[in-house]
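Working notes for the structure below.
These numbers come from a predicted model, not from an experiment.
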Amino acid sequence: MDDGNALGDPDVEGTVVGIPAYNEANTIGGVVSESSSVAEEVLVVDDGSDDGTARIARSAGATVIRHDRNRGYGAALKAIFEEATRRSATHLVTLDGDAQHDPSDIPRLVGHLDRTGAGVVVGSRFVGSGATDAPLYRRFGLHLLNTLAVVALGRAGSSSPITDTQSGFRAYDRRVIRALAGRDRISDHMGASTDVLYLACLDGFSVEEVGTEISYDVETTSTENPVSHGTVLLKNVLRTIVFGP
């Protein structure tokens, strides 16, 4: 797959960056500030944080939607799709609030959308110039989850497999934003990453990837135990294989 490295920066007009955030006060300000330079609007869904995440995100220039309790990653994503639709966004880019993703890569993902006509572009750790410093056990878990997710998506044996189905760094075009807004088949929790891709593929949208670096050398990555977190994701992928989302 084309890595998109040579692509020029697209116009930021109409691009909304959506950031699901839970207790990320230490990093959210920097992520919002960096994202603001390459987007028309930065939207943070504060999913019931109790550490000042919402206040800091607003101070950095984000529009903040606050959940009164922690509803889950998928619930935050659904709110982002709905809000991006209300704003008539031409592109939506989602990334995490913990600084694992590099906002300077946002134009590359959006540019790849425009150039290829894809519905979704995933920032992948495992294609082209992609890289990660994830521990070996996490890489093994990601490989297992990705293999099963590719089966669930019907992409097994494809000439253009998706290498990083669990990456939250993604760009969506206006068709997909509207198609996914309000979909009740997206899980409220971490399984939403697979559900969103499944529904996009089911609706006939193409999925592309560009290489990005995803760092685990940050102050606050996921607060969930990696074993229990991985088990939840595995159950969701297996459910999707058998029943769909």
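- Side chain of Arg170 to main chain of Leu109: no donor-acceptor pair is present (N/O by atom type, distance under 3.5 Å, no hydrogens or angles).
- Hydrophobic clustering (ILVMFWY, side-chain heavy atoms < 4.5 Å, transitive): Leu202 and Val122 are in one cluster.
- In terms of heavy-atom proximity, Cys201 sits nearest to Val207 at SG-CG2, 3.9 Å.
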(request) Could you give me the CA-CA distance, side-chain angles and deciding distance for Val127 and Asp164, then say whether side-chain contact (heavy atoms from CB on, under 4.5 Å) is met? (result) CA-CA 8 Å; Val127 72; Asp164 200 350; over 6 Å; no
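- Atom CG of residue Leu77 and atom CG of residue Leu92 lie 9.0 Å apart, to the nearest 0.5 angstrom.
- Defined by atom type and a distance below 3.5 Å, a donor-acceptor pair is present between the side-chain atoms of Thr163 and Ser124.
- For Ala192 against Ser187, the heavy-atom pair with the smallest separation is CB-O, 3.4 Å.
- No donor-acceptor pair closer than 3.5 Å links the side chain of Asn70 to the backbone N or O of Ser49.
- Taking all atoms of both residues into account, the shortest heavy-atom contact from Pro20 to Gly18 is CD-O, 3.8 Å.
- Note that CZ of Arg125 and CD of Glu209 are 10.5 Å apart. Values are rounded to the nearest 0.5 Å.
- One distance of note links CG of Asp98 with OH of Tyr216; it measures 9.0 Å at 0.5 Å rounding.
- Not one N or O on the side chain of Arg115 forms a donor-acceptor pair closer than 3.5 Å with the backbone of Gly111.
- Under the 3.5 Å distance criterion, the side-chain polar atoms of Thr165 are left unmatched by any main-chain donor or acceptor of Thr194.
- Remark: aromatic rings of Tyr172 and Phe81 are close, center separation under 6.0 Å.
- Closest heavy-atom contact between Ser206 and Ala118: OG-CA, 3.2 Å.
- For the side-chain contact (heavy atoms from CB on, under 4.5 Å) test with Thr63, the passing option among Leu43, Val45, Val42 is Leu43; the others fail.
- With a 4.5 Å cut-off on side-chain heavy atoms, Val120 and Leu197 count as touching.
- Residues Val110 and Val93 are in side-chain contact: their nearest non-hydrogen atoms beyond the backbone lie under 4.5 Å apart.
- Contact check for Glu40 versus Val16: no side-chain heavy atoms found under the 4.5 Å cut-off.
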(message) Let's go through Lys78 and Glu82 carefully: what are the C-alpha distance in whole Å and the side-chain angles of both, what is the deciding distance for salt bridge (charged side-chain N to carboxylate O under 4.0 Å, His left out) to 0.1 Å, and is it a yes or a no?
(response) CA-CA 6 Å; Lys78 286 187 279 189; Glu82 291 165 8; over 6 Å; no
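- Residue Ile28 comes nearest to Ala57 through the heavy atom pair CG1-CB, 4.1 Å, listed as atom of the first residue, atom of the second, then distance.
- Taking the side chain as every heavy atom from C-beta outward, Leu199 and Leu180 approach each other to under 4.5 Å.
- No donor-acceptor distance shorter than 3.5 angstrom exists from the side chain of Asp47 to the backbone of Ala21, with no hydrogens or angles considered.
- Counting heavy atoms from C-beta on, the side chains of Phe169 and Asp105 come closer than 4.5 Å.
- Here the OG1 atom belonging to Thr94 is positioned 9.5 Å from the CD1 atom belonging to Ile106, to the nearest 0.5 angstrom.
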(request) Evaluate the criterion side-chain contact (heavy atoms from CB on, under 4.5 Å) for residue pair Val44 and Ile65; output intermediate values, then yes/no. (result) CA-CA 6 Å; Val44 172; Ile65 296 171; over 6 Å; no
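- Of all the heavy atoms in Gly123 and Ser167, the pair that sits closest is O-OG, 2.7 Å.
- Counting heavy atoms from C-beta on, the side chains of Phe126 and Ile214 never come closer than 4.5 Å.
- Between the side chain of Asp173 and the main chain of His91, no donor-acceptor pair closer than 3.5 Å is present.
- In this structure the side chain of Gln166 never reaches within 4.5 angstrom of the side chain of Asn146, judged on heavy atoms.
- One N or O on the side chain of Arg183 and one on the backbone of Ala179 form a donor-acceptor pair closer than 3.5 Å.
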(message) Quick one, Phe205 with Arg175, criterion side-chain contact (heavy atoms from CB on, under 4.5 Å). Give me CA distance, side-chain angles, the key distance, then yes/no.
(response) CA-CA 9 Å; Phe205 297 111; Arg175 301 166 300 160; 3.7 Å; yes
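- With hydrogens and angles left out, the side-chain atoms of Ser104 and Glu34 include no donor and acceptor closer than 3.5 Å.
- The shortest distance between side-chain heavy atoms of Asp188 and Arg71 does not fall below 4.5 Å.
- Distance check, rounded to the nearest 0.5 Å: OG1 of Thr212 to CD of Gln100 gives 11.0 Å.
- With His101 contributing its side chain and Asp96 its backbone, the two residues share a donor-acceptor pair below 3.5 Å.
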(message) Between Thr132 and Glu213, does the side-chain contact (heavy atoms from CB on, under 4.5 Å) criterion hold? Intermediate values first, please.
(response) CA-CA 6 Å; Thr132 182; Glu213 184 173 350; over 6 Å; no
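- With values rounded to the nearest 0.5 angstrom, Thr53 atom OG1 is found 8.0 Å from Arg66 atom CZ.
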